[in-house]
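Notes follow once the structure below has been shown.
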Amino acid sequence: MNRLEVTRHARAIAKALDLQLGFAQIVETAPHGVLPADPIEWNLRFTECRDGIGELIGEASETVSDVLPVVLPGTAHERLIDWAEGHRGSVLVLARHSGRGPHSGLGTTADRLLKSGAASMLLLPSGRERKCSAEYRRLLVPLDGSPNSESVLPVVTRLAQSLEAQVILAHIVSPTAELPSLETQAGSDRSNTSARARNYLETWKLRLLRQGIDATVYFGTDSETCERLNLIASRLEIDLVVVASHGQTNLASAPYGSVAGALAKSAPCPTFIVQPDLRIPLAKPGRSGFMFEALAAETEFAS
């Protein structure tokens, strides 16, 4: 039920980041991967899947070239995880829900893909929740003062420049917390936390402005970071939240941090959760690499 919505957003992100676009259809098999006993039925299902993908490719080829059809037999999350692990640095685009049943949190497939940490993910509210623009004119970027959260900024730069989008940098500080990357500065008492956090956001805003990007900042104090970010996204009519998979906690055993996980489940707009291995072509022709390593060395975002 969400295929057209997913198609629009996949096409938009592929064009903005200069990625190859592929449409995947999973042909569900019996438990334990047992194929149907009737080979004629199996071939018919494959044919139907390829025909359906062909329609999507025809629409997508108007804006994105070199579209790849993928038909995978098996269980949806298992096969997509396998595919992502074989294509490291890719982006999976899907709706949070299939469009059927209750809409809260993540559907089974989206949840298991997110927990696998196998790829960056663009998660969309289902069509029944909200129709979302795929033009991405306003990007919300949560930062927590850690290098991990900042590592998403080269991707944000590419998106903003490609889409001519405005970037809103946001930091929500807990009433009892301090920005870890700023703790070594003079006057680190709690009374200066707000001022230092604002200066931190303004520093990154200035760097984006120097890249020709329309940028602004939002600073707030709240014990419920995700709820405040969702409120910002609604009030400012954000088209896309772009967040690093990990923030200041950076637990190696976890596929994503608490803020990224909460936004994935409840954000009122599409949420792009970026893993450190995201691989996209660099700005210079003929070059490609890991976005967070190669591009950082060429821009002001090098830390």
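Using a 4.5 Å heavy-atom cutoff, the side chains of S234 and N230 are not in contact. In this structure, L278 and V91 have side chains that are in contact, with non-hydrogen atoms separated by less than 4.5 Å. With contacts defined as side-chain heavy-atom distances shorter than 4.5 Å, the pair L139/I168 does not qualify. At a threshold of 4.5 Å between non-hydrogen side-chain atoms, the residues L94 and L124 do not count as touching. Between D144 and V259 the shortest side-chain heavy-atom distance does not fall below 4.5 Å. Side-chain contact between D82 and R79 is present, with heavy atoms from C-beta onward closer than 4.5 Å.
The heavy-atom pair separating P276 from S245 by the smallest distance is CD-OG, 3.6 Å. Closest approach of P270 to P125, counting heavy atoms only: N-CD, 3.8 Å. Among all heavy-atom pairs drawn from I232 and I238, the shortest one is O-CG1, 4.2 Å. Between A165 and I213, the shortest heavy-atom distance links the atoms O-CG2, 4.2 Å. What you find for V217 and K205 is that their closest heavy atoms are CG1-CB, 3.8 Å. Taking each heavy atom of Y218 and L201 in turn, the nearest pair found is O-CD1, 3.5 Å.
Side-chain atoms of T75 never come within 3.5 Å of backbone atoms of H77 as a donor-acceptor pair (strictly under, hydrogens ignored). A donor-acceptor pair is defined here as one N or O able to donate and one able to accept, closer than 3.5 Å; no such pair exists between the side chain of S116 and the backbone of I81. Between the R158 side chain and the A16 main chain, no donor and acceptor come within less than 3.5 Å of each other. Side-chain atoms of T203 come within 3.5 Å of backbone N or O of N199 as a donor-acceptor pair. In terms of modelled atom types and a separation under 3.5 Å, the side chain of S120 and the main chain of Q275 share a donor-acceptor contact. For H171 (side chain) and F219 (main-chain N/O), no donor-acceptor pair under 3.5 Å exists by modelled atom type. Of the possible polar contacts, one joining the E5 side chain to the C132 backbone as a donor-acceptor pair under 3.5 Å is found. For D239 (side chain) and R137 (main-chain N/O), a donor-acceptor pair under 3.5 Å exists by modelled atom type. Side-chain atoms of S266 do not come within 3.5 Å of backbone N or O of L263 as any donor-acceptor pair. Judged by distance alone, the side chain of T271 and the main-chain N or O of A267 form no donor-acceptor pair under 3.5 Å.
Of the options V152, L122, L140, V167, a side chain to side chain contact (heavy atoms under 4.5 Å, CB included) to V242 is made by V152 and by none of the others.
Within the model, atoms CD1 of I273 and CG of L113 stand 11.5 Å from one another, a figure rounded to the nearest 0.5 Å. Taking OG of S149 as the reference point, atom NE2 of H246 lies at 12.5 Å (rounded to 0.5 Å). Rounding to the nearest 0.5 Å places NE2 of H9 at 13.5 Å from CZ of F272. Note that the CZ atom of R8 and the CD atom of E135 stand 9.0 Å from one another [nearest 0.5 Å]. With values rounded to the nearest 0.5 angstrom, L72 atom CG is found 4.5 Å from I26 atom CD1. Rounded to the nearest 0.5 angstrom, L114 CG and L123 CG are separated by 6.5 Å.
Between Y200 and W204, the ring planes are perpendicular. Angles over 60° get that label, and only those under 30° would be called parallel.
At a cut-off of 3.5 Å, with distance as the only test, no side-chain donor of Q211 or T157 sits close to an acceptor on the other residue. No hydrogens or angles considered: nothing links the side chains of Y136 and Q166 as a donor-acceptor pair under 3.5 Å. At a cut-off of 3.5 Å, with distance as the only test, no side-chain donor of S146 or N148 sits close to an acceptor on the other residue.
Ionic pairing of E85 and R88 is not present here: no N-O contact between side-chain nitrogen and carboxylate oxygen is shorter than 4.0 angstrom.
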Check the pair V156 / L169 against side chain to side chain contact (heavy atoms under 4.5 Å, CB included), numbers first and verdict last. CA-CA 10 Å; V156 172; L169 303 174; 5.7 Å; no
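Two different hydrophobic clusters hold L231 and L240 under the rule that ILVMFWY side chains link at heavy-atom gaps under 4.5 Å.
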